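Below: one structure, written as structure tokens.
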There are 2 protein chains.
Amino acid sequence: MRRNPERRLALIDAAIEVLAREGARGLTFRAVDAEAAVPPGTASNYFANRDDLFTQVGGRIYERLLPDEATIARSREGVQDQARYAELMHELVDRISAFNSGYLALLELRLESTRRPELRAVLTKRIREDIDANIAYHAASGLPGDSTSVVLLYLTLNWLIVERLTLPDIFTEQEIHELVDAAVRRSLNA
Amino acid sequence: MRRNPERRLALIDAAIEVLAREGARGLTFRAVDAEAAVPPGTASNYFANRDDLFTQVGGRIYERLLPDEATIARSREGVQDQARYAELMHELVDRISAFNSGYLALLELRLESTRRPELRAVLTKRIREDIDANIAYHAASGLPGDSTSVVLLYLTLNWLIVERLTLPDIFTEQEIHELVDAAVRRSLNA
DNA sequence: TTGACACCACTCCATGTGTAGTACTACGTT
DNA sequence: AACGTAGTACTACACATGGAGTGGTGTCAA
């Protein structure tokens, strides 16, 4: 088992691209090697087996989907009212949609997790933490709404992104924009 | 190309199970043959190639996820108020969750459709029709809410089902129940 | 009798895992 | 400066699996 951390990270990030492009079953050591442009056999040296590869990707993918520090800092600025909330949600949807392959890879991982208990455990932990962090962040932010509205928005926006990324002709960009606004507005009405 | 329609349907339904269990890349002629318990080579005779298989499954899957006539008829009974709306949505979520493999197969198809234009066209058409039908049905039903509330509910409940089927430990059954109620209630507030 | 379909067998091909072995590089030691 | 060593990159190979596609034979019903 090799230890070079940069190389390991490069392999995992390559695996994310492979996942998005080829699907879960297409995530093979060979494909990761090719994507990362390293000699064949390298991934074999960094991951004990495919299960291990999936688990490590599951641990990494969420980091890459989360906003960076600067983005978080920026989100705290300005009045924290409903209009600002909607603005933040537009940014969220755009940011995640932009990292296309990351989100698709996460979907593949979710589906794969129905077959891999270890992966499921990793994903469950990460996502549960993220939801809780969102609720806590929201509570401290001064934005309108309660914890239920946070969760409802999480649900709604997730599927909106799925729709946009998998069947882009279902909703126009205009409709997506309006749906985000409506989701924010209505989720706040307790 | 063989024509026996019962056999074709049996193969397609077998393909749905394979999709849910093995993922999109695992959907092979061989696997379908095995699942349908027919001799190897049979699926080759019924589908020109894998692309054709995917497309035909895409045309079928939605039929199986839709409610049957009896269920639709029952949904028209009683007062059409918000409490009834919530009740119907609980039934919807439970019905779709129950046909576990069908919903997972549809997710696999969505992801696969990023790679297969024909499949994407079929799915886009079906889903667009379904959303429009839901909006029309809702408008005629006397249930509260507008077309935006229908779409928002569609989004929210879809991801709720994803969450339940792929990472069942994120939300408890109790929480899911409450989220459905909250989604109905809040989506109605224009 | 004939035609459509079920069934079976076989060829060809592609892909992937896991591992053993070799080459390289950097670093510490004397 | 020369040497040794350890860790890693790289290469090659043995072995196994799985699947597509097709041609041919059997079977049954009209």
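So you know, we letter chains A, B, ... as the sequences are listed, proteins then strands, and number each from 1. Keep in mind it's a predicted model, so treat the numbers as computed, not measured. Hydrogens, waters and symmetry mates play no part in the numbers below; they use all other heavy atoms, side chains included.
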Expected list for residues 5-12 of chain B: side-chain donor-acceptor pairs under 3.5 angstrom, two or more places apart:
from: B/Arg8; atom 1: NH1; to: B/Tyr46; atom 2: O; distance (Å): 3.0
from: B/Arg8; atom 1: NH1; to: B/Gln56; atom 2: OE1; distance (Å): 3.1
from: B/Arg8; atom 1: NH2; to: B/Arg2; atom 2: O; distance (Å): 2.8

* For the atom pair CG (B/Asp146) and CG (B/Leu188), what is the distance rounded to the nearest 0.5 Å? -> 8.5 Å
* Asked: B/Ser97 and B/Asp94: side-chain donor and acceptor closer than 3.5 Å?
  -> no
* Asked: Got a sec: does the CD of A/Glu69 have more than 12 other heavy atoms crowding it under 6.0 Å?
  -> no
* Which angle, to the nearest 10 degrees, lies between the helix axes at the two ends of the helix from C/dT1-D/dA30 to C/dT30-D/dA1, each defined by five pairs? -> 10°
* **Spacing of B/Arg8 atom CZ relative to C/dA6 atom C1', expressed in whole Å** => 15 Å
* Lys/Arg-Asp/Glu bridge criterion (N-O < 4.0 Å) met for B/Asp13, B/Arg64 -> yes
* Structure fact -> Going 5' to 3' through nucleotides 10-30 of chain D and flagging B where a protein heavy-atom sits under 4.0 Å of the base, S where only the sugar-phosphate is that close, and - otherwise, we get BB-------BBBB--------
* Evaluate side chain to side chain donor-acceptor pair (under 3.5 Å) for A/Ser141 paired with A/Tyr85, printing each intermediate quantity in order. => CA-CA 10 Å; A/Ser141 71; A/Tyr85 202 171; over 6 Å; no
* Using a cut-off of strictly less than 4.0 Å, decide whether A/Tyr46 has a side-chain nitrogen or oxygen near OP1 or OP2 of D/dT8. => no
* To do: Look up atom CD in A/Glu22 and atom CD in A/Glu35, then write down how far apart they are to the nearest 0.5 Å.
  => 8.5 Å
* Apply side chain to side chain donor-acceptor pair (under 3.5 Å) to the pair A/Tyr154 and B/Glu163, showing each step before the final yes or no. => CA-CA 11 Å; A/Tyr154 161 83; B/Glu163 209 62 76; 2.8 Å; yes
* Structure fact -> When rounded to whole Å, the CG to P distance for the pair B/Leu11 and C/dC5 reads 14 Å
